[in-house]
Every structure is written in structure tokens, then in C-alpha cells.
Amino acid sequence: MDTAPQLRTGSRPAVVALRDLDTAALPQAGGKAASLGELIVAGFPVPEGFCVTTEAYGELATAADLTGILDRLAGTAADDQAGAVELAGRARERILSTAVPPDIARTITAAYRELGERAPVAVRSSATAEDLPFASFAGQQDTYLGVVGVDAVLDAVHRCWASLWTDRAVLYRVRHGIPPTEVRIAVVVQRMVDAAVAGVLFTADPVTGARGVSVVDASPGLGEAVVSGAVNPDHFEVDTATGTVLVRRLGDKRLSVRARPGGGTETVVRPASGTACLSDAQLRALVGLGTRVQERFGRPQDIEWAIDADGVLWLTQARPITTLFPVPSGGAQDGGLQVWFCLSLAQGLTRPLTPMGISAFRVVGSSVARLYGHPPADAVAGPPRVGEAAGRLFLDVTLILRSAPGRMVFPRVLDVMEARSAVVLRGLLDDPRLSVTHPSWAPVVRRLVLLAVRFGVPLQVAQAVASPAAARRRMARLGRRAPVQWPAGPVPAAQRLDAVVRLLGNALAPMAPRVAPAAATGFALLGLAGRLLGADARPGDLATVLRGLPHNVTTEMDLELWRVATAVRADPAAAEALRREPAAELAGRYRAGTLPGVLQRELGGFLDRYGFRTVAEIDVGVPRWAEDPTHVLGVLANYLQLDDPRRAPDAVFARGAAEAGAMVATLTARARRRGRLRARAVALALDRARQLAGLRELPKYLVIGTFARVRAQLQAIGAELSAAGVLARADDVFFLDLPEVAAALAGRDLRDVVAARRGAYDRETGRRHVPRVLLGDGTEPEARSAGPAAAGDALVGTPASAGTVTGPARVVLEPTGAHLVPGEILVAPSTDPGWTPLFLTAGGLVMEMGGANSHGAVVAREYGIPAVVGVPGATGRISSGQEVTVDGTHGRVAVTPPRG
């Protein structure tokens, strides 16, 4: 068919030949048709056909008068599934009860007859919100196969239009934040391939992410049997570069779907077959064709294909594989295995960083590299081994794992910080591509000794052991010392920007060696006590010593917020406002100064001290609590639900401290049985551990305080750029990086750049899976081997806070606005200090990320709530309301199956 008959509705045709489309036609033809057109233009074997464009659908939708329904659907809350489904049903009914406009029907008829009077065709939906780079929408709209005759084609097109409003399609779009008024549907009508064998091809492994492996599922008959999951197909994994079959797993292929001569399809039961339905030569041809398709579109593809009775290979569909996590660029390029470690997750952050947040980290990274003796060529660009993908920061740890010191020390550090990552990395050490190339310890020891001498680390450790109070006073002086002289008064924005770069590049990296040794000494002494005690320290005993730790800035913040809640509870007007008004409205009233007096005063006092903190606070682009106290007000409202004095957080904290003191006495008494000197050493070690370990949160506290000052300067720059018209609003500055801010100050208009980045950021915020470790070829090692995720009926992780508790689970993916009934088990992907106010009412904690000394684990111990961290997939394996038992002593989480 050279040219499909065309009817113009408005300025665009209602029917277009597939060969006249390409990817630029997505708004007119939808994702599927645009992709098929691109394949035809590039010379790929695609069955001929035509597209009934979105213009035709638009004319019918106008006649169906969907405006009121779509307006209501746009206002439906994301969690109101019942409301969305009800409105979707109304939209479908309107579409189906509205006749196809006669002119459009005639044009479709003429185009179909160009294919043949009784040609069997496939009629497939092709929505504009489909086959997008961030969401494939596979299977969300309808497909009709073996359609024969004009009337059948018109009916199938009509039903495809209605399928834009299937329940599954509407809920999928709601989940991806696509407004109902912004989506339209086209329909592909394409000659059927009389398939002898068909199936799907992924040009990258969709499970492990490996980019060099093509995956093929195949079965006799139409590919619908494979796509729908109705058949157990043959499964092949092929090395894309060499064509070598790596995995060959033959299915029984007992069912096949075939076209009926008179129209429609039928499912045929076949005898089980132990013979492959594709030869190695056919596999190689298929994989080669898939590689060419991937090169055409510039990213891995999910391809549907068919081979006809004459052995001709056809492509019937291609879409991007949207589930693959992108591979960071840069890092080590030595031709071997490249290993990326996710820094974002290590900091308890699953959401993306803003571009400015990433840019700030690059400058800080340069400072760290310079401190270690490897200054990067461009301090603002950052170290070459720091990469970014999907808004997350990654560190190329290839050279660390190829050095003898690195492979010994780095996983051990992760054992207490992000334990599951340590397991994954250790699983890579036997790979010959990661063989040790730097066996000597001498360069590492030399650098560490120079750093220790430069920052007086031995003296810091001695001071911490001799006088913990003196060590704390020294660190308090460091916290009060101004890291840089900020420009005062009305100064040029360029001067402010220079000050930001100086602070990020010079002040933050030295904080760790000046502050961390004291806390590290505390944990080292706890370990020493454990060695001295040996078998006298039972599971959970040493963790109990760390309950109710003093001098922890995060627990002090949380307990201060509880004190605020106690004051508010005592004031009827303040308590009533918290109970009845939404947190967002209360935040607006706080900014206006119109809250009830007690609430206004107490909240203001808390924010004066802690308002520089927030959830995801390591991102300088995220608003602080002082700017938006909605989360804090929501937590306060949650606290008012706790009316049992025995469960009041300050009482629980005090009991934890008492239990810790009793445990110190018990362990000392046990040690005394093996000698007085040993008992004295244990008592001293445990005492210093309690006085020093709480300082573990102080370095981050000081860094976040500095970030808040950086943010204030960037906001002032953003206001100036907004006034100059190069940004739409002041906070757009956080969607630029530092060099781009300099370009904007020079007059470059970056409003379009910011708009695109905001869209990308919003989409990435919805991503739920971020790999801990990613290889340079895209492979996720954790997906390749499931690891110790479960034992029997229990999920397994790292014990983080001793004790056992049973209660209903509350899965929380984003803490802002979350409500936790006292006693519920908090199940979260990860946490940072901004989450910890929720811990005060939690009965227990389960986290997908973290180690024994991650933020969540430390705070859980101090509050005495049992906790297990590093539990892979916990937020997907556990549902809110399920009863779970958290054994924080042995690192197990038992989930009670739902009843019924």
C-alpha cells in the first residue's frame, strides 16, 4: 500500500500509511505506530498497514462529550482507585455508545481495502502515552488479531478507542502522573503474519540489566501466546556480540494461538515438545536484527517478531525497555569489569537528587579527592569516578576492588553501613575481571598516616578516651566556627556563587577527620569490649548497651519535637488545630503567623534550632523544614495519637538508657569472673562507648547545616535570575548545575532547560527500584543472584536493634504526610534523619537498605525498638496491615500471610 486514503479532520489526516510515519509523529500516531513507521523508513521487515490517527479519535471523543468525566478524573486522588475505575467505566461507555463518524468510517474502509478485500489484519491500540522512554504501557490498551472484513475492522478500531479507558490503563497513567486530558489514542491496522513461530526479543536482559545479552522467548503460532503468558515457551539467552547461546531452556509449548481463515483466532492444544522451535541460525539472525533496531532507536528494545511459513522474519512491534536502570557514564575505562556503587542509597536516599544537589556533591567530592592526594583536573566537575544515572550518584569502585587493601576494607565498612551492598560486592571478588592489580598496602598506609598526622587523629582518639567531655567541647567549637566569610548585604550574585563554590570545595571534606574519630573510638571500644567478653556477650547484649545514648543530635531533635507535642497537647486550641486541619494548611498559617499561640511559638522555637533539616537533606535542592514545615506538623499530629504514658518517647528513651546501664553492670560482672583487670577494661570500654558513640550523627549534622547556608545563597541568586527573566522562578536555580548558574548570570536563558529537568525529576521520583551495585554493562549483580533474602517463611536482613516485636506493618515510601499509628511496624526503603521523628511511635523498624550503624539502625537502638535492616524487597514483600514479627536480635522478619 503506497499511500493510505486520507480524510483530514482539522489540519491533520485521520488515516496515514505506516510508511509515512516516524518517531516525530508520536502525538499524531501514538508510540506503537510511530515506532513501526520508523522501522519501515529504516528498511526493516515490517508488515504493511496504516494508522487511524489521534485526530479521528479526537473527533469521536468530542462527539461523546467526555469533558466532564475527564475533569472529574483529573481531580481524583492518586490513591482513589475505586473513583478512577468508576470514571474510566463511564468514559468507555460513552465512547462505545457514540457512532464512528461516517467520513472517518469511509476512510478506514478505503484504507483497509487497499490491503485486500478480506485481508486478515491485526488491529492494535497506539496511545500517545505509550512506548515512552520512561514507561512502556505494555498491554494497557487492547489488541485484536485475525480481524477480517470491513465491519469487523471498524468494530475493532472502535473498541481500541474505548480501551484508552480500561481500568488498568487509567490506573497505570494515574500511577505515572499522566493527566487524562493529555492522552489520546491512535490505532494501527496491520497485515497479519501467518506465523509458524513467533515471540518476543529483548535486546538487553530485562531481569539482570545486562546490555550484552539478548533474551528470546519463542513458541509455535502467533506471538500472542508468548506475550499473554498462556504458553511455556522456549527461552534463550544469547551473547549479543558473538551469537553464542548462553542459556537454552526448552518449554513444553503445549498451546499455540493461530488465526482462523474466516477471522479471529483459536487456541490449539499441542503435544508437549522437547524440540527447540528456533534453530541457532534463526536465533543469530533474530538477535542481529534486534541489534540493528536498538542502534536505530539508541536504546535497548522489547521487540515482537514472527517467522512465516517461508522462513521470512518479520518485526511486528518495538518499544523501549523502560525497566532498565541507566548505566552511569565515566569511571574506570580499563577494558575490564566496571563496578558502580550507589552513593545515594548509601545515604538513605531512594529519590533522585536535584541537578544542583548533584553538582554540589561533585564539588565536595573534589575536596575529598584532594584531601586524599588525587585532586581532579576540574574541581567543579568533580572526580571522574563519580557518576550519575537517573538522578542518583554512583561511585566507580573498580580500582578499590582491584586493590588488596580496598577489597579487604571497603566491604567491612559497608558491613556496618549498608550490609547488603557488602554481600553483593563480595560476590564479585572471584570474577577474574576483578583480579588484584594493586597488591601493596604501602601507598594506602602512607596516605592514611599523613592524613592522621595532619588532623591530629591520634591526639583526638587519646582525648576521647581520656576525657569524652573535652572531646565534645572541641567539636562544639568546630560547629560554631564559621567555615567561610559570607558576603553581607546587597552583593553581586556572582560573588555569592564564588562563596558557594569555596565553601563546598574547602570546608566540608575536612569535617570528617576533625569530628569522626571520637565516634569511631566509641564503636571501636564497644568492639574491644566484645572481644574481651567473648562468649560472655550474648546476642543482642552489646546492642542493648547502645540504647538511650546521650549526645546524639538526631535523637535530641526527635525528643525536642516530642516536647513540642506535649506542650501542644496541653493547649486545647493548638491541639484542636493539629487534629482537624491538614498539615499543608497549617504550614501556610505558620508562615502567616496565624496559628494558635502555643503552636506558633513552640513550632517556631523548634524550627529556629532544627529548621535547616529535612527529609532527603543531603540534597541542597530540597526545601528545608523552616521553608516548609508540613512534614513536621504532620508528625506532631501523629504524636497526639499516643496517649499511653508508658509509651511516651521520653519515657521509652529513659527506660532504654536504664536498660543500657544495667547491661553495662551485667557485662562487667561477667567479665569479673575472668579477672579484675579484664572487668575494669570492659567497664571503661563500655562507658566510653556510651559517651562517644552518640557523636556518630554529628558530622552529617554539621554538613547539613552548611548545606542550608549554601541553599540560602543559591536562593538569593535564583531570585536575581528570576527577576532578570532567565529563570521562571527563584527555586528553578536548583534544577541547574553550578556552571549553568554562572552561564545564567551571564545572561543565558535557561527556562526551557529547567522545564525539561523538572519533568525528568518528577518522573524519576516515581522510580521504586534503584540498584545498590551496577556493573558497567548494565548488569545488576543482586538480580543475578537473589542472595539470602529469606529463610523459611522469614525475610532475612542485618540485626540492627535487639528485641522482638509483633504488630501490623505500615509500608511508607515517602515520610511526608505519612501517618503511623502507635505500635505499627515501620517498613521503609531507607531512612535518613528526616524520617526519624516517625520512629518515636513505631513499634519496630524494617528497612531495605542500611547496616548496623546506618542512621536508622542507630536511632532505632537508642529508642529501644527492634529493627532489622538490609532486607531486600521488604516494601514489596510486606503490605500495610499485615502482621509482622521483627526479631532485631537475629535479623529476621516473619510475615503472617493474609487471611482468606
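Hydrogens, waters and symmetry mates play no part in the numbers below; they use all other heavy atoms, side chains included.
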Is any side-chain heavy atom of [Y] closer than 4.5 Å to one of [X]?
X      : Y      : result
Val465 : Leu525 : yes
Thr889 : Pro799 : no
Met663 : Leu546 : no
Ile865 : Val805 : no
Arg810 : His819 : no
Glu418 : Met849 : yes
Leu698 : Met475 : yes
Leu702 : Thr706 : no

Calculate, to the nearest 0.5 Å, the distance between atoms [atom1] and [atom2] belonging to [X] and [Y] respectively.
X      : Y      : atom1 : atom2 : result
Thr555 : Tyr863 : OG1   : OH    : 5.5 Å
Leu636 : His631 : CG    : NE2   : 10.0 Å
Leu633 : Trp625 : CG    : CH2   : 11.5 Å

Is [X] reaching over with its side chain to a backbone N or O of [Y], donor-acceptor style, under 3.5 angstrom?
X      : Y      : value
Thr614 : Pro623 : yes
Ser467 : Gln463 : no
Asp832 : Ala616 : yes
Arg579 : Gln641 : no
Arg624 : Tyr610 : no
Arg892 : Thr885 : no
Arg392 : Leu343 : no
Glu824 : Val821 : yes

Does one side chain, of [X] or [Y], offer a donor that lies under 3.5 Å from an acceptor on the other?
X      : Y      : answer
Glu556 : Asn552 : no
Thr566 : Arg563 : no
Gln460 : Arg514 : no
Glu659 : Thr544 : no

Of all heavy-atom pairs between [X] and [Y], which one has the smallest distance, and what is that distance?
X      : Y      : answer
Gly876 : Glu848 : N-OE2, 4.2 Å
Asp558 : Thr836 : OD2-OG1, 2.8 Å
Leu642 : Arg569 : O-NH2, 2.7 Å
Ile618 : Phe361 : O-CE1, 3.1 Å

Inset, instruction - Assert yes or no for the condition that the ring centre distance of Phe707 to Phe612 is strictly below 6.0 Å. - result: no
Inset, instruction - Could you tell me whether Arg711 and Asp619 make a salt bridge, using a distance below 4.0 angstrom between a side-chain N and a carboxylate O? - result: no
